[in-house]
Structure formats: structure tokens, C-alpha cells
Asker: 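The structure is given below, and queries will be raised subsequently.
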Amino acid sequence: MPSRLNPYISFDGEARSAMEFYREVFGGTLSLNTFGEFGEEKAGDAADKIMHAMLETDSGFTLMGADVPPGMEHKAGNNIAVSVSGEDAGELRGYWDKLSADGAVSVPLEKQMWGDVFGMCTDRFGITWLVNINQRPA
């Protein structure tokens with residue numbers, strides 16, 4: 001899969017209904033994963049909230065979203081980021097190195113509970129970036 005760039009929207013408990021609405025608008029295939037499905041220990045009441053949603057349309061659009069993780073604040077202005085994902089680890093690590101330089105890393109680029117290598121940073125211009133390196137099953 002080639003690398004792709006797409007918006008990633010954060011919601012305050014409404015990710016499921018919002019992403020289902022976008023599926024009605026744009027069509028396509030929607031996948032939803034909850035915090036509970038990934039065994040997020042701090043999930044508690046958030047176990048049924050969306051940890052990651054992805055809508056892929058026949059027109060080639062990809063829209064991702066999630067509910068704000070437990071312990072993080074949701075406020076206007078921090079509710080959208082840009083996601084870069086794919087399988088080319090060298091290419092994606094290169095993007096990560098440049099985006100995170102002179103910025104702030106909130107999640108280091110490392111293997112995550114869902115199996116992929118993922119990191120989140122805010123670049124020097126205040127834009128939040130999510131970098132996900134898909135790991136093929138062995």
C-alpha cells in the first residue's frame with residue numbers, strides 16, 4: 001500500500017455517530033474499533049467509545065476519527081490532525097523525523113498495542129501529525 005495523507009478528527013464521545021453520518025454522506029466502508037477492544041486499561045467508562053475509525057469511500061476518500069482518549073481534553077482547535085500512514089517504514093520515519101524536529105512529541109514513534117508503529121507530534125507550526133507504519137502480520 002502506498003503512503004497516504006488524510007484528515008483525522010477527534011470527537012468528544014460522538015465519534016461513532018459522526019463517522020456513521022459521514023458514511024451516509026460519502027458512502028463506503030466504515031471500520032470502528034473501541035478502546036475496550038484493545039484492552040485500554042484506563043478506558044473504564046470509555047470502553048465503548050471509539051479508539052479508531054476509518055471510512056474509505058469508492059471515490060478514494062479516507063477519513064479517520066476517534067473519541068478523545070481518557071484523560072485528554074477535547075476543545076475546539078485541537079479536534080483535527082493530519083494522518084500519514086502506509087507500509088514504507090523508511091519513508092514514514094523520514095516524514096516523522098522532519099515533522100517532529102523543532103516540534104513536540106506527544107506519543108513516541110514506537111510499536112503500539114494494535115501492532116503497528118505509531119507516533120503523534122505537533123510540528124513547529126502547531127499542526128498535529130499522526131504517523132502510522134502498518135506492520136504486516138508474520
Side-chain angles (χ1 to χ4, degrees):
M1 164 174 66
S3 297
R4 60 180 161 184
L5 179 109
N6 57 275
Y8 202 109
I9 306 171
S10 295
F11 299 93
D12 191 18
E14 298 175 326
R16 180 181 304 273
S17 57
M19 295 301 291
E20 288 172 347
F21 168 72
Y22 298 138
R23 178 182 55 199
E24 289 175 19
V25 172
F26 299 110
T29 303
L30 176 62
S31 62
L32 299 166
N33 299 104
T34 66
F35 286 101
E37 288 173 331
F38 284 102
E40 177 63 38
E41 295 174 11
K42 297 183 281 185
D45 293 339
D48 291 331
K49 291 189 177 179
I50 301 302
M51 181 177 153
H52 177 70
M54 183 166 65
L55 175 64
E56 295 181 290
T57 74
D58 295 339
S59 298
F61 302 153
T62 300
L63 180 63
M64 295 181 181
D67 287 311
V68 175
M72 288 185 68
E73 181 184 11
H74 180 272
K75 62 181 180 179
N78 76 349
N79 58 338
I80 192 160
V82 182
S83 171
V84 183
S85 58
E87 295 174 353
D88 187 330
E91 175 186 39
L92 292 162
R93 286 182 186 280
Y95 296 151
W96 171 262
D97 291 344
K98 292 173 186 173
L99 290 166
S100 62
D102 300 322
V105 173
S106 52
V107 176
L109 186 65
E110 60 190 20
K111 188 157 185 130
Q112 300 296 324
M113 68 179 107
W114 59 89
D116 291 348
V117 173
F118 172 84
M120 182 166 63
C121 67
T122 302
D123 70 19
R124 61 188 174 139
F125 300 103
I127 304 300
T128 300
W129 292 88
L130 313 172
V131 176
N132 193 86
I133 304 170
N134 302 334
Q135 303 294 293
R136 292 181 185 217

Asker: Quick one: salt bridge (charged side-chain N to carboxylate O under 4.0 Å, His left out) partners of E91, sequence neighbours excluded?
Answerer: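 Here no residue qualifies.
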Asker: Applying side chain to side chain contact (heavy atoms under 4.5 Å, CB included), name anything that partners A15, two or more places apart in sequence or on another chain.
Answerer: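 A15: side chain to side chain contact (heavy atoms under 4.5 Å, CB included) contacts with F11, I50, D67.
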Asker: Count I, L, V, M, F, W, Y as connected when their side-chain heavy atoms are under 4.5 Å apart, and connections chain through other members. Are V84 and V107 then in the same cluster?
Answerer: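 V84 does not cluster with V107.
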Asker: Output a table of donor-acceptor pairs, distance under 3.5 Å, between side-chain atoms of residues 54-64 and any protein atom two or more places apart or on a different chain; print 'none' if there are none.
Answerer:
from: E56; atom 1: OE2; to: R4; atom 2: NH1; distance (Å): 2.8
from: E56; atom 1: OE2; to: R4; atom 2: NH2; distance (Å): 3.2
from: T57; atom 1: OG1; to: S59; atom 2: N; distance (Å): 3.2
from: T57; atom 1: OG1; to: G60; atom 2: N; distance (Å): 3.4
from: T57; atom 1: OG1; to: F61; atom 2: N; distance (Å): 3.0
from: T62; atom 1: OG1; to: R4; atom 2: NH1; distance (Å): 3.2

Asker: List the atom pairs, donor and acceptor, that lie under 3.5 Å between side-chain atoms in residues 115-131 and the rest of the protein, sequence neighbours left out.
Answerer:
from: D116; atom 1: OD1; to: Q135; atom 2: N; distance (Å): 3.0
from: D116; atom 1: OD2; to: N132; atom 2: ND2; distance (Å): 2.8
from: D123; atom 1: OD1; to: F125; atom 2: N; distance (Å): 2.8
from: D123; atom 1: OD1; to: G126; atom 2: N; distance (Å): 3.0
from: D123; atom 1: OD1; to: I127; atom 2: N; distance (Å): 3.0
from: D123; atom 1: OD2; to: W129; atom 2: NE1; distance (Å): 2.9

Asker: Compare every heavy atom of S100 with every heavy atom of D97, then report the nearest pair and how far apart it is.
Answerer: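 Scanning both residues completely, I find the closest heavy atoms to be O-OG, 3.6 Å.
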Asker: In residues 17-33, what donor-acceptor pairs under 3.5 Å come from side-chain atoms, sequence neighbours left out?
Answerer:
from: S17; atom 1: OG; to: E14; atom 2: O; distance (Å): 3.2

Asker: Under 4.5 Å between any side-chain heavy atoms of Y95 and D88, yes or no?
Answerer: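 Contact flag for Y95/D88 side chains = no.
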Asker: Mind checking salt bridge (charged side-chain N to carboxylate O under 4.0 Å, His left out) for R93 and listing every partner two or more places apart, or none if nothing turns up?
Answerer: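 If we apply the salt bridge (charged side-chain N to carboxylate O under 4.0 Å, His left out) test to R93, skipping adjacent residues, there are no hits.
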Asker: Could you measure the distance from the CG atom of L109 to the CG atom of L92? Nearest 0.5 Å is fine.
Answerer: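 Reported value, rounded in 0.5 Å steps: 8.5 Å.
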Asker: If you measure from CH2 on W114 to CE on M51, what distance do you get to the nearest 0.5 Å?
Answerer: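 Output value for this atom pair is 4.5 Å.
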Asker: Do you know the tightest heavy-atom contact between S83 and Y8?
Answerer: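 For S83 versus Y8, the nearest heavy atoms are CB-CD1, 4.1 Å.
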